[in-house]
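A, B, ... follow the sequence lines: proteins, then strands. Residue 1 opens every chain.
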Amino acid sequence: MFRNQYDSDVTVWSPQGRLHQVEYAMEAVKLGSATVGLKNKQFAVLIALKRAVSELSAYQKKIIPIDDHIGISISGLTADARMLSRFMRTECLNHRYAHDAPMPVGRLIALVGNKMQICTQRYDKRPLGVGLLVAGYDDQGPHIYQTCPSANYFDCRAMAIGARSQSARTYLEKHLNTFVDCDLQELVAHGLRALRDTLPNEVDLNTKNVSIAIVGPKTSLQICEEAELTRFLSLVEGEERRGGGTATGDAGASGADRDPTGDERDPQVAVAMDTE
Amino acid sequence: MLSVSENFPEYAVPGAKQVRFEPYADNGGSIVAIAGDDYAVIGADTRLSTGFSIYTREQKKLFKLSEGTVLGATGCWCDTLTLTRLLQARMQMYEHEHNKSMSTPAVAQMLSTMLYYKRFFPYYVSNILAGLDAEGKGCVYSYDPIGHCERSNYRAGGSAGAQLQPLLDNQIGLKNMQNVTVAPIPREKALALLKDVFISAAERDIYTGDSIYILIITANGIQEEKFELRKD
């Protein structure tokens, strides 16, 4: 990204018609570790890769429950995600209080989008540097939504965001038409495979660094515990990685899965994010 | 508008008219709760009334706030509904923030502060909260409309509260009796007593009757029982 004279303020347009600050904010999402969301006819599933800042600290939580029927997975500035999750929780609670019914997912996303847009149009605010994958179930069925710091939101059949998520998106696109008829086990297995494609060579999926959340018709949002995680991980154990690399590190791994910038290791940032 | 003196001049009378709106209604109902060593039972009747009329014979007045806490609330039914909804929303907020459900003593304190918040336009509700405390012993908390909170082993509240409390004092607290040793009351005896106490309430209090729901709170969860009462 090059610096220019139109990128110091979010309220300044560039001559090309771009808001550079908003675009820079979108970069923050790409710094967070990867997370995948997908759905079948009944269930919406979020799978996230957790990172630990060091061996001493715990793995940063990626999936935040919002209500019984909605959960989010974050990528980017964790603190901004906390603010958004608090807002979403109060909106859902107020809706339940006033209407005696769970909040429709699309409506919540619209409220989030409006809230994020305000930060892109005020001189005294900055865009929220976090992207969300929202999984929810309401009377229209399961939903997966993606939100961006630009305040855009997208209704998705499946999506992946975060570092090296292009590999995951490629996997999801390849298998997109099979998701709708999958059962829950297969769906989670697909998600794990998609997530695994984003891993650097030395790392493999295990119960410590993976987080899975499932929501469905009679199932309140549940974030899986260790026992469930082991069961799901065993579904994809031992399979060949698409990238060809193994967990113990393979120096000759193909460069097709790498970021275009050729960055092999996780980006180092100074601000607290769910990265190292 | 509905002005008598404008539309019917022959009915006009001198003097000022006082327009009044009564924000409260008394919808009746009674609650009894008993706490034991490892359980708590709470029962409430199911009659909702106004004046001498009955709204319904099948209104549950016990609200399961969590797996270990039950609130019985009677009085003004609109205030009851709002208060319980608000309580449930606050408890869910607590669960999000603390990653665990609220303990009964915590709910008890929060309810007290919520009621006092409306000190100058109170919730006209008679509350009794029952559950298990941090050590697993039964606990019963009773409230007045503005949040005075007191923990006890047994309490009767609602329209027949004044009739039932002395009966409980005698049978559970063993008050005004000679040569008795105070011993913790076993669960089956507490249940039998609860039913007897409500039968007596239905005899004398017009606002209590129809049936009662009893919730029994133990470490294993909450069981529900229904018991029929006089319908008159």
Side-chain angles (χ1 to χ4, degrees), chain A residues 46 48 50 58-74 78-103 105 108 111-112 132 134-138 211-213 215 219-226 228-229, chain B residues 23 27 46 48 55-56 58-71 73 75-103 106-107 109-111 113-118 121-125 127 129 221-222:
Chain A
L46 290 173
K50 298 192 281 196
Y59 286 81
Q60 173 71 270
K61 273 208 192 96
K62 291 274 283 183
I63 300 185
I64 303 175
I66 299 295
D67 199 349
D68 285 338
H69 64 302
I70 301 180
I72 64 173
S73 177
I74 67 178
T78 314
D80 285 356
R82 256 206 305 275
M83 297 295 292
L84 270 181
S85 68
R86 203 184 320 162
F87 169 73
M88 291 167 87
R89 280 173 175 170
T90 44
E91 288 302 310
C92 282
L93 277 176
N94 286 335
H95 191 277
R96 263 190 204 272
Y97 176 92
H99 301 88
D100 208 15
M103 181 147 204
V105 188
L108 181 65
L111 290 175
V112 170
L132 307 178
V134 181
Y137 186 89
D138 58 21
S211 201
I212 303 180
V215 67
T219 333
S220 296
L221 178 83
Q222 55 181 132
I223 301 184
C224 295
E225 298 282 306
E226 173 119 10
E228 290 238 331
L229 285 174
Chain B
N27 301 119
T46 57
L48 209 63
Y55 277 139
T56 176
E58 285 148 52
Q59 179 58 61
K60 283 192 186 173
K61 302 197 180 104
L62 295 175
F63 300 91
K64 219 184 284 190
L65 300 176
S66 72
E67 275 309 305
T69 314
V70 177
L71 176 72
C76 178
W77 192 244
C78 59
D79 279 353
T80 304
L81 287 175
T82 307
L83 182 63
T84 49
R85 271 172 196 268
L86 206 57
L87 204 50
Q88 278 163 341
R90 290 284 300 268
M91 286 177 75
Q92 225 191 334
M93 265 191 248
Y94 180 100
E95 273 197 43
H96 280 150
E97 303 266 310
H98 298 88
N99 254 339
K100 63 170 188 162
S101 53
M102 270 184 103
S103 65
V107 181
Q109 179 61 18
M110 188 171 80
L111 179 55
T113 51
M114 279 170 66
L115 289 168
Y116 195 82
Y117 224 59
K118 294 254 288 161
F121 184 11
Y123 291 111
Y124 190 78
V125 187
N127 287 301
L129 189 76
I222 302 182

Q: Rounded at 0.5 Å granularity, tell me how far CZ in A:Arg96 sits from CD in B:Gln88.
A: 10.0 Å
Q: When you measure from the side chain of B:His96 to the backbone N and O of A:Arg89, does any donor-acceptor pair fall under 3.5 Å?
A: no
Q: Using non-hydrogen atoms only, which part of A:Asn94 is less than 4.5 Å away from chain B: side chain, backbone, both, or neither?
A: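 For A:Asn94, there is no contact with chain B at all, as no heavy atom is under 4.5 Å.
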Q: What do you reckon, is OH of B:Tyr124 surrounded by more than 12 foreign heavy atoms closer than 6.0 Å?
A: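 Counting other residues, nucleotides and ligands, OH of B:Tyr124 stays at 12 neighbours or fewer.
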Q: If you take all heavy atoms of A:Tyr97 and B:Leu86, which pair is closest and at what distance?
A: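 Heavy atoms only, the tightest pair is CE1-N, 3.7 Å.
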Q: For A:Ile66, which atoms come within 4.5 Å of any heavy atom of chain B: side chain, backbone, both, or neither?
A: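 Answer is backbone: N, CA, C or O of A:Ile66 sit under 4.5 Å from chain B.
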Q: Would you check if B:Gln92 and A:Asp67 make a side-chain contact, meaning some heavy-atom pair closer than 4.5 Å?
A: yes
